[in-house]
Amino acid sequence: MSGRRSRISEEEIKELISKLRFLLPETSRQGGSRASAAKLLQETCNYIESLHRDVDDLSDRLTELMATMDISSAQAEIVRSLLRS
């Protein structure tokens, strides 16, 4: 096993930061288009945490909905078909 580490070039880092900036919602980017890399990474982490909370919330709501639904109903079949896709 080699002790050498692969390094990412400064150009690759700039490209990755640019991609992150593009992926964040507009509201996160309004603080200026040239935010520091550290601030951009923090905003990205915050956004990912927010997405995780949203997914958990939607999962809980779906569980509650399915618990109150007749499993043989047309509505339940629609929900199941959406979950399969």
Side-chain angles (χ1 to χ4, degrees):
M1 184 183 255
S2 171
R4 295 174 55 199
R5 287 196 243 167
S6 66
R7 293 191 175 258
I8 298 175
S9 72
E10 190 172 326
E11 190 60 36
E12 290 171 312
I13 291 172
K14 287 179 183 178
E15 183 180 331
L16 291 170
I17 287 174
S18 176
K19 287 179 182 180
L20 278 177
R21 188 173 282 118
F22 177 76
L23 291 172
L24 288 177
E26 289 293 326
T27 55
S28 296
R29 294 188 279 166
Q30 288 178 354
S33 62
R34 300 309 303 166
S36 72
K39 181 174 177 159
L40 183 66
L41 289 172
Q42 184 61 55
E43 288 180 9
T44 302
C45 289
N46 293 343
Y47 182 58
I48 291 170
E49 289 170 352
S50 170
L51 290 174
H52 278 281
R53 285 190 301 273
D54 290 347
V55 167
D56 289 343
D57 180 55
L58 289 171
S59 178
D60 291 344
R61 291 170 56 193
L62 180 59
T63 299
E64 291 172 11
L65 176 67
M66 293 298 288
T68 63
M69 202 179 277
D70 176 7
I71 61 170
S72 61
S73 72
Q75 292 170 329
E77 183 54 38
I78 291 169
V79 170
R80 281 193 295 276
S81 71
L82 289 171
L83 293 174
R84 284 189 289 255
S85 40

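- Side-chain atoms of S50 do not come within 3.5 Å of backbone N or O of N46 as any donor-acceptor pair.
- Atom CG of L83 is surrounded by more than 12 heavy atoms from other residues, nucleotides or ligands within 6.0 Å.
- To the nearest 0.5 angstrom, T44 atom OG1 is 14.0 Å from K19 atom NZ.
- Rounding to the nearest 0.5 angstrom, the gap separating the CZ atom in R21 from the NZ atom in K14 is 11.5 Å.
- Here the CD1 atom belonging to I17 is positioned 11.0 Å from the CD atom belonging to E15, to the nearest 0.5 angstrom.
- In the hydrophobic clustering of ILVMFWY residues, with side-chain heavy atoms under 4.5 Å counting as a link, L16 and L23 come out apart.
- Atom CD of E12 has more than 12 neighbouring heavy atoms from other residues, nucleotides or ligands inside a 6.0 Å radius.
- Separating the CG atom in D70 from the CD atom in Q75 is a distance of 9.0 Å, to the nearest 0.5 Å.
- Hydrophobic clustering (side-chain heavy atoms under 4.5 Å, transitive across Ile, Leu, Val, Met, Phe, Trp, Tyr) groups L40 together with I8.
- Ion pair D57/R53 not flagged as a salt bridge, since none of the NZ, NE, NH1 or NH2 atoms sits closer than 4.0 Å to an Asp/Glu carboxylate oxygen.
- Interatomic distance, T63 OG1 to L58 CG, rounded to the nearest 0.5 Å: 10.5 Å.
- Hydrophobic clustering, with ILVMFWY side chains joined whenever heavy atoms are under 4.5 angstrom apart, keeps I48 apart from L41.
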- Message: Assess the residue pair E77 and R84 against the criterion (salt bridge (charged side-chain N to carboxylate O under 4.0 Å, His left out)); give the C-alpha distance rounded to whole Å, side-chain angles, the decisive distance to 0.1 Å, and a yes or no.
- Response: CA-CA 11 Å; E77 183 54 38; R84 284 189 289 255; 2.9 Å; yes

